[in-house]
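Bear in mind the structure is a predicted one, so any value in this text is a computation, not a measurement.
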Amino acid sequence: MQRKRYSPGRVPGTLLGLGAGLAVVAGALTGCSAADTAEDVTVDAKAGAAAAPVAPPGRYRTLFEPCGAVPQATLRDLLPGTAALTDVERAAVLRGTAAVTYDTDRRVGCAWTADSGNGTHRLVLDVERVVSYDPTVSDAARAQEVYTRKQLAAGIAVPETPAPTPTAPTTAATASGATKVSATGAATPTGTPSSPTASGGATPPGTGAPSAGTPSAQATTGLEPRLLGGLGDIAFVGDTLGTTGGSGTQRVVSVVFRTSNVIVTVEYRQRTTGAAAAPDSKELQDRAQNLARLLADRLEE
């Protein structure tokens, strides 16, 4: 068999095929390494991202027992009808009736009622612990939202935050006949009257001062629904007077205050019958506020 002649500088086809295969494998490995590096960078970037800030929890985790939170002497003052009851009947009334709730760490309440010769007194206590399920909203902030809805329902407006007062621009010149810049940016010659009344002109309709016969705003009595100071973080008192069946009247006074993430509502009402006078607003408000302050002190214990 005749052998093939070897020619210098000629590469066999087998070697060429082997070299091409190695080049393909090397390229694949390089591509995988690059992809792995990109993925590693992405994972590292996510791992280094800053977590969203978590709002602080509320101050309170549990609530006090409401029926035992009001002293017996205070209850006897709030429920004068108990004076005519026997000891057994009085003890049953002063014990109160607990509100039915499904979680006593979130909401509790109690009610007391006593009839008298010419009417009825009723006291209702409601205590709610608010919890925010949004990690970016604190429990106290969520409680403030609940409190604000109660305040608006009582007809008390929420004070608006005043807008910042704009700074007046400086005067460009003060010489006679010079021009100065007003707060609106318009140029006004100095010495020129700024309003018709300055030159003796007529006052535009609706802009003049009220005449001596114009009635002023109705004077307040100091007992209207309003915000209260020195009670919790924020508080208000509501007062409504209505009629009951027949010729009777009923006054309902509510004192609501918030301390951190707890909202306390004290509702004190008196109903009269027949020709009896309407319940006194000041007396009911004073009693309800005194009890609310006692409960606020209880929360500080």
Side-chain angles (χ1 to χ4, degrees), residues 42-71 74-75 78 95-112 123-164 225-238 252-268 285 287-301:
T42 303
V43 171
D44 291 343
K46 291 180 179 179
V54 178
R59 176 181 176 185
Y60 300 98
R61 294 288 186 271
T62 59
L63 298 174
F64 56 78
E65 197 282 312
C67 292
V70 184
T74 302
L75 286 174
L78 293 171
R95 191 179 302 119
T97 303
V100 178
T101 61
Y102 297 99
D103 187 352
T104 55
D105 285 335
R106 291 291 304 276
R107 192 163 196 165
V108 294
C110 195
W112 300 262
L123 173 66
V124 180
L125 178 61
D126 179 79
V127 186
E128 179 182 3
R129 183 175 69 92
V130 181
V131 177
S132 172
Y133 294 100
D134 186 343
T136 63
V137 179
S138 68
D139 294 343
R142 187 69 73 199
Q144 178 61 30
E145 296 176 2
V146 177
Y147 167 87
T148 299
R149 289 195 293 268
K150 292 178 178 288
Q151 178 178 317
L152 293 175
I156 305 174
V158 177
E160 297 182 357
T161 303
R226 64 197 182 279
L227 296 177
L228 297 175
L231 179 58
D233 295 333
I234 189 170
F236 72 85
V237 58
V252 181
V253 171
S254 299
V255 176
V256 181
F257 70 90
R258 178 185 69 82
T259 298
S260 184
N261 61 319
V262 168
I263 299 175
V264 179
T265 301
V266 176
E267 182 185 278
Y268 185 42
Q285 286 193 25
R287 290 181 174 182
Q289 289 185 53
N290 290 338
L291 176 56
R293 297 183 191 283
L294 184 150
L295 296 173
D297 293 339
R298 176 67 182 269
L299 286 173
E300 297 298 327
E301 296 178 354

Report all side-chain donor-acceptor pairs from residues 147-157 shorter than 3.5 Å, counting only partners two or more places apart or in another chain.
from   : atom 1 : to     : atom 2 : distance (Å)
Tyr147 : OH     : Gln151 : OE1    : 3.2
Tyr147 : OH     : Ala235 : N      : 3.4
Tyr147 : OH     : Ala235 : O      : 3.4
Thr148 : OG1    : Gln144 : O      : 2.8
Thr148 : OG1    : Gln144 : NE2    : 3.3
Gln151 : NE2    : Ala157 : O      : 3.2

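- Put simply, the side chain of Arg106 does not reach to within 4.5 Å of the side chain of Thr101, judged on heavy atoms.
- The salt bridge (charged side-chain N to carboxylate O under 4.0 Å, His left out) search around Arg107 returns Asp126, Glu128, not counting sequence neighbours.
- For Asp233, the salt bridge (charged side-chain N to carboxylate O under 4.0 Å, His left out) partners two or more places apart in sequence, or in a different chain, are Arg258.
- Under the 4.5 Å side-chain criterion, counting only non-hydrogen atoms from C-beta, Phe257 is not in contact with Ile234.
- Remark: Ser254 OG to Tyr268 OH distance equals 13.0 Å, nearest 0.5 Å.
- To the nearest 0.5 Å, atom CG of residue Leu227 and atom CG of residue Leu231 are 11.5 Å apart.
- A donor-acceptor distance shorter than 3.5 angstrom exists from the side chain of Ser132 to the backbone of Val137, with no hydrogens or angles considered.
- By the 4.5 Å heavy-atom criterion applied to side chains, Val256 and Val264 are not counted as neighbours.
- A donor-acceptor pair under 3.5 Å is absent between the side-chain atoms of Asn261 and the main chain of Ala143, judged by distance alone.
- Between Gly96 and Cys67, the shortest heavy-atom contact is C-SG, 4.4 Å.
- Take Glu145 and apply the salt bridge (charged side-chain N to carboxylate O under 4.0 Å, His left out) test, not counting sequence neighbours, and it matches Arg142.
- A distance of 11.0 Å separates OG1 of Thr74 from CZ of Arg287, quoted to the nearest 0.5 Å.
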- Test log, rule side-chain contact (heavy atoms from CB on, under 4.5 Å), inputs Asp139 and Tyr60: CA-CA 9 Å; Asp139 294 343; Tyr60 300 98; over 6 Å; no

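- Closest heavy-atom contact between Gly109 and Pro66: O-CG, 3.4 Å.
- Contact annotation: the side chain of Thr104 never approaches that of Leu63 to less than 4.5 Å [non-hydrogen atoms, C-beta and beyond].
- Within the 4.5 Å cutoff, no side-chain heavy atoms of Thr265 are placed close to those of Leu125.
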For residues 289-301, which side-chain donor-acceptor pairs fall under 3.5 Å, sequence neighbours excluded?
from   : atom 1 : to     : atom 2 : distance (Å)
Asn290 : ND2    : Asp286 : O      : 3.1
Arg293 : NH1    : Gly230 : O      : 3.0
Glu300 : OE1    : Arg59  : NH2    : 2.9
Glu300 : OE2    : Arg59  : NH1    : 3.4

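- Between Val130 and Val262, every side-chain heavy-atom pair lies at or beyond the 4.5 Å cut-off.
- Not counting sequence neighbours, the partners of Thr136 by the side-chain hydrogen bond (donor to acceptor under 3.5 Å, both in side chains) test are Asp134.
- At a threshold of 4.5 Å between non-hydrogen side-chain atoms, the residues Arg226 and Phe236 do not count as touching.
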